[in-house]
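Okay, structure first, notes after.
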There are 2 protein chains.
Amino acid sequence: MSVTIKDVAKAAGVSTATVSRVLNNSKLISPQTAEKVRNAMRELGYFPNNIARSFAYQNTCIIALVVDIEEPTAFNNPYFYQIQYGIEKYICPKGYYLMIANENTLNHSGTGFSQLVFEKRVDGLILPVSLLNKHLVKKMEDQNFPFVIIGEPENGYDTNWVDVNNKMAGEISTTHLIENQFQRIAFVSGSQKDLFNKRRLEGYLTALAKHGLSPDPDLIKEGAFSKEDGYALMSEFMGRQNPPDAVVFTDNLVAFGALSAAKAYGRRIPDEIGIVSFDNFPVAELSEPPITTVDIDLINLGIQAASMLLQEIQLPSTTKQQSLLSVRLIKRGTSERARREQPAPWERS
Amino acid sequence: MSVTIKDVAKAAGVSTATVSRVLNNSKLISPQTAEKVRNAMRELGYFPNNIARSFAYQNTCIIALVVDIEEPTAFNNPYFYQIQYGIEKYICPKGYYLMIANENTLNHSGTGFSQLVFEKRVDGLILPVSLLNKHLVKKMEDQNFPFVIIGEPENGYDTNWVDVNNKMAGEISTTHLIENQFQRIAFVSGSQKDLFNKRRLEGYLTALAKHGLSPDPDLIKEGAFSKEDGYALMSEFMGRQNPPDAVVFTDNLVAFGALSAAKAYGRRIPDEIGIVSFDNFPVAELSEPPITTVDIDLINLGIQAASMLLQEIQLPSTTKQQSLLSVRLIKRGTSERARREQPAPWERS
DNA sequence: CAAGGTAATGTAACCGGTTGCATAAAAAGT
DNA sequence: ACTTTTTATGCAACCGGTTACATTACCTTG
């Protein structure tokens, strides 16, 4: 059907072994022979059949990113896809390809993504911590199958993983508010069952402690996910006797809803109420005023995960690696009080 | 190393051919033998080696989505990724896998994505029209390599392609404004070098013509891409003697910038100026007022492309298919004048 | 009961590369 | 000039499935 190594060998008057060696730039080949073979390849329009190559080497040079995205909207998808881009960017120049495996669509056909492992379709796996389970980890470790987890796992897993430094994120956002003379800072997160939310809360508490502020349980809320949750929560805060003067939200949309509520109630921002959010999502930059957020470099997260995985593939080791990535704060209008609005030291209560 | 078909054959006391037949559910196998073989597989923990299978069949059951995304921001990535999701959703239940090939990262290693074709790494390709060129098409057609283009190509290409109905998008958005009693409707697009922008303009002109309105060249602008472009353009419009009373923007961010400008100049929206945009992007829903947009179902676009490609892979044909997808308008606050605000027929000029 | 047909299984070639080992030719050492 | 080493190439097995063809056993049917 198409041109094979045999055709090239015949045309060049050498053995298939020699052609193969030319393909792989073996230095055992004399320049003249190499030249001859290369000419034959060019004339015949030869391309090595990658499937055969994979078969001989027993690897595919493909790694899979497993995701568990339900029907994506423009809202919920940027996260994985930036990670995806980072992975791609790292592995492609190294001759690897990226396969996407959505656990939700894959599951329809039975075994889910573990099929990829057992059938040797891919050389390694990057998967979110949400898909981790003991059973699977054991299987993969029994096979010495390389994999990297995105997101810090709960205690009891000794695996390769990468995550952003969520504690640091909680800490710098809170510290920033403290430095802008906010006093009663609330903290609103998603579910505290998720380790990353626990870490963010830890950071918040650490920042308070470092500045001699004691946490108020009434100011710590969990379970906010939507614009509407944010609106409701902020309304509730503002109806209180002793409301917070600033809020850290771990979700951008929640912060957006809260901002609307604060504006609807006529609060001046950031003078009367400060807001810091997480994940530098488009709306954060476009809202009025633009929202201060912790910027999480997900492209870099992908790069780190990919780098760790390729290392594991190329020289497997028994010691596992972990990597925590720094985050940075993007200061915008919802938190930075103008200098003149800060009380001078002697004016403070 | 791992369990192969030979091990299973030996354990079950049959030949490898028999095991292979059991694997493929051949009906030539007696139930007792099948049972025996399946037991052996279970006991040994056998999984077929997919690389070997691919080698025998000379296919990979992988299709590639080629993209040409530069460093993605949360702004620019939703488009491809919704298409990606659609493809995935369609192909996974059918036993195919999705590979992502970013032309930009791939190119670092030389030949770019055409490598995928010649090395037989994938069974088919879905690629954006922006990456199309005659040279490539000829090569792929010479090899009978299945591929589908996303986006209508310029004249002169007879290939499989899918696209959203851009003309319809231009038409329904304009018609909607006309039906809301807007009279001087401007049209602002990206570059008219892009066919999809030409089609959108066609739709706009068609809608005007159908309602007996004649186009005014001063109201047709091209080359707007950013929030800032939108702001500048809207400012310019509002400074005119005879400004438009509504604008169709083919880009959401441009519309967002324009909206800010209109608000900054104190115009009431939609009473004094109407705005319709394209692509139902997050900011469209969250802005004040929320922006009316044409909703483009990119997930469905992916599904259609994937469906066309698998069909081509499974039974290659020489006749090419094209598919144009409908769009729908999401009516929001920037265009819908309240009934009472519309002039009654006898009040019109 | 022999001939013909069918169902179940085995044998071995094949898919297209890679690579250990053998070998031949050239270069170096004594 | 003769052995030893180095360099270049070929032979053939191998990776793990699939499948055309051969073979055997059993089942019909005249």
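Note on naming: letters A, B, ... go to the chains in the order of the sequence lines (proteins, then strands), and numbering restarts at 1 for each one. Scope of the values below: all heavy atoms of this structure, side chains included, with no hydrogens, waters or symmetry mates.
The nearest whole Å value for the distance from the NZ atom in B:Lys6 to the C1' atom in D:dA13 is 11 Å. For A:Lys10 and D:dC11, the NZ to P distance is 14 Å, given to the nearest whole Å. Rounded to whole angstrom, the span from the CZ atom of A:Arg121 across to the P atom of D:dG16 amounts to 17 Å. Here C:dA12 presents its C1' atom at 14 Å from CD1 of B:Ile5, a figure rounded to the nearest Å. Atom CZ of B:Phe47 is separated from atom C1' of D:dG17 by 16 Å (rounded to the nearest Å). For A:Ile51 and D:dG17, the CD1 to C1' distance is 13 Å, given to the nearest whole Å. Per the geometry, CZ belonging to A:Phe55 stands 4 Å off C1' belonging to D:dG16, to the nearest Å. As rounded to whole Å, 15 Å separates atom C1' of C:dG16 from atom CG of B:Asn59.
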Side-chain donor-acceptor distances from residues 121-130 of chain B under 3.5 Å, at least two apart:
{"unit_1": "B:Arg121", "atom_1": "NE", "unit_2": "B:Glu119", "atom_2": "OE1", "d": "3.3"}
{"unit_1": "B:Arg121", "atom_1": "NH1", "unit_2": "A:Asn50", "atom_2": "OD1", "d": "3.4"}
{"unit_1": "B:Arg121", "atom_1": "NH1", "unit_2": "A:Thr60", "atom_2": "O", "d": "3.4"}
{"unit_1": "B:Asp123", "atom_1": "OD1", "unit_2": "B:Thr60", "atom_2": "N", "d": "2.9"}
{"unit_1": "B:Asp123", "atom_1": "OD1", "unit_2": "B:Thr60", "atom_2": "OG1", "d": "3.1"}
{"unit_1": "B:Asp123", "atom_1": "OD2", "unit_2": "B:Thr60", "atom_2": "N", "d": "3.4"}
{"unit_1": "B:Asp123", "atom_1": "OD2", "unit_2": "B:Cys61", "atom_2": "N", "d": "2.8"}
{"unit_1": "B:Ser130", "atom_1": "OG", "unit_2": "B:Asp68", "atom_2": "OD2", "d": "2.9"}

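Contact check for A:Ile87 versus A:Ile63: side-chain heavy atoms found under the 4.5 Å cut-off. Looking at heavy atoms from C-beta onward, A:Arg53 lies in side-chain contact with A:Leu23 at the 4.5 angstrom threshold. Looking at heavy atoms from C-beta onward, A:Asn49 lies out of side-chain contact with B:Phe55 at the 4.5 angstrom threshold. Between A:Phe147 and A:Glu141 the shortest side-chain heavy-atom distance falls below 4.5 Å.
Inspection of the A:Asn300 and A:Gln304 side chains reveals an N or O donor paired with an N or O acceptor under 3.5 Å.
For the pair A:Gln84 (side chain) and A:Ile299 (backbone), a donor-acceptor distance under 3.5 Å is absent.
Among the nucleotides D:dC15, D:dG17, C:dG10, the one closest to any side-chain atom of B:Val14 is C:dG10. Here the side chain of B:Gln58 is nearest to one of C:dC15, C:dT18, D:dG16, namely C:dC15. When each of D:dG16, D:dC11, C:dC15 is scored by its nearest atom to the side-chain atoms of A:Ser15, the top-ranked nucleotide is D:dC11.
Within 6.0 Å of NZ on A:Lys320 lie more than 12 heavy atoms contributed by other residues, nucleotides or ligands. In A:Asn155, the CG atom is not crowded: 12 or fewer heavy atoms of neighbouring residues, nucleotides or ligands sit closer than 6.0 Å.
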Nucleotides 19-24 of chain D: protein proximity per nucleotide (B base, S sugar-phosphate only, - neither; heavy atom, under 4.0 Å): BBB---

Polar-atom pairs under 3.5 Å, protein N or O versus N or O of nucleotides 23-28 of chain C: list them with distances, or write none.
none

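Taken residue by residue, residues 26-38 of chain B places no heavy atom nearer than 4.0 Å to DNA chain D.
Under the 6.0 Å distance and 45° angle rule, A:Lys94 counts as a cation-pi partner of A:Tyr90.
Within the structure, side-chain hydrogen bond (donor to acceptor under 3.5 Å, both in side chains) contacts touching residues 9-18 of chain A (residues at least two apart or in different chains) are A:Ser15-A:Thr18. Applying the ring pair (Phe, Tyr, Trp, His ring centres under 6.0 Å) test to every pair with at least one member in residues 118-142 of chain A, sequence neighbours left out, gives these pairs: A:Phe118-B:Phe47.
At a threshold of 4.0 angstrom between heavy atoms, the contacts of B:Val19 with the nucleic acid are absent.
Taking only side-chain nitrogens and oxygens, B:Arg53 comes nearer than 4.0 Å to OP1 or OP2 of D:dT18.
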